[in-house]
Structures are given as C-alpha cells and as structure tokens.
Amino acid sequence: MPTYDYECSQCDNKWEEFQSIKAKPLRKCPACGKLKAKRVIGAGAGIIFKGSGFYQTDYRSSSYKKAAEADSKAQSESSKPKSDNTDSSKKSSSSDS
C-alpha cells in the first residue's frame, strides 16, 4: 500500500497517510477538522542500490570472467618493456679486453 501526501488548504497542515490504492482521497483535515484536505503529488520513495548485482557486468558467466582475466594478463605482460641482455654482455666483454 502506498503512502500519500495530504495538505489542508484551510490551516496549511501537511501529513502523510498510508492508504490502499483503491481508497478514496481523504477530505477531512486531522488538525482543524475542515473538509479542505487535498491529496498532493509527492516525490515518492527514493531507491537506493547497494551491493553487487546492479550492473550488467555483475552477471557475467564464469567462462567469460576467466577469458577476460586471461586477456588482461596477456595484455599486461605484452606492455612490459623487455630488457635486452645483449648490451650488458657486450659491455662486459669489451671492458675485459
């Protein structure tokens, strides 16, 4: 059941009422007792998404995750600079002579 916002045009009292969707809007103000209450459009309830499971990537299959992990490892290994051992061996042999 939703919560509706009400406002009295006579005394400016504002309140919320927990009612069925099929229930008729209230007319009587609980503060002044006049039949000047009107249902107003409220902002509604905010939705807060916490935890995992709210993104498309959270529902990937295990085979997809393994392939993505292997791909990222291969990419990180290929981006590492390769050290050239031939330069150091030439320097040491030339300094010996």
Side-chain angles (χ1 to χ4, degrees):
M1 288 200 302
T3 303
Y4 293 103
D5 295 327
Y6 284 91
E7 184 176 2
C8 179
S9 59
Q10 181 71 30
C11 66
D12 290 331
N13 181 31
K14 295 177 184 175
W15 75 97
E16 294 178 344
E17 199 67 41
F18 189 65
Q19 292 180 289
S20 170
I21 292 174
K22 296 178 181 180
K24 291 184 179 184
L26 300 178
R27 300 271 315 181
K28 187 175 182 180
C29 174
C32 68
K34 304 283 184 182
L35 297 176
K36 299 284 185 171
K38 298 224 179 198
R39 188 184 288 175
V40 293
I41 298 173
I47 299 174
I48 300 171
F49 295 105
K50 290 185 177 181
S52 63
F54 296 104
Y55 296 98
Q56 182 179 8
T57 56
D58 289 342
Y59 294 106
R60 298 286 187 167
S61 65
S62 60
S63 62
Y64 177 87
K65 289 178 185 177
K66 287 178 185 176
E69 186 177 322
D71 186 39
S72 66
K73 283 182 182 178
Q75 189 176 22
S76 66
E77 288 177 6
S78 67
S79 65
K80 289 181 183 176
K82 295 182 180 180
S83 61
D84 220 2
N85 291 338
T86 58
D87 290 340
S88 61
S89 62
K90 286 181 185 177
K91 287 180 184 177
S92 63
S93 62
S94 64
S95 62
D96 291 340
S97 8

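Just so it is clear, the structure is predicted and the values come from calculations on it, not from any experiment.
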For K73, all residues meeting salt bridge (charged side-chain N to carboxylate O under 4.0 Å, His left out), sequence neighbours excluded: E69
Connected hydrophobic set around I41, excluding itself, where side chains approach under 4.5 Å: none
Side chain to side chain donor-acceptor pair (under 3.5 Å) involving S63 - partner list, sequence neighbours excluded: S61
Y64: hydrophobic cluster co-members (side-chain, 4.5 Å): none
Heavy-atom closest pair, residues K24 and Q19: O-NE2, 3.4 Å
Apart from Y6 itself, residues in the same hydrophobic cluster as defined by side-chain heavy atoms under 4.5 Å: Y4, W15, I21, L26
Partner residues of E16 under the salt bridge (charged side-chain N to carboxylate O under 4.0 Å, His left out) criterion, sequence neighbours left out: none
Interatomic distance, C8 atom SG to K38 atom NZ [nearest 0.5 angstrom]: 11.0 Å
Residues that K34 engages under side chain to side chain contact (heavy atoms under 4.5 Å, CB included), provided they are two or more places apart: Q10, C32, K36
Spatial distance of atom CG (N13) from atom CD (E7) [nearest 0.5 Å]: 9.0 Å
Residues forming a side chain to side chain contact (heavy atoms under 4.5 Å, CB included) with A67, sequence neighbours excluded: none
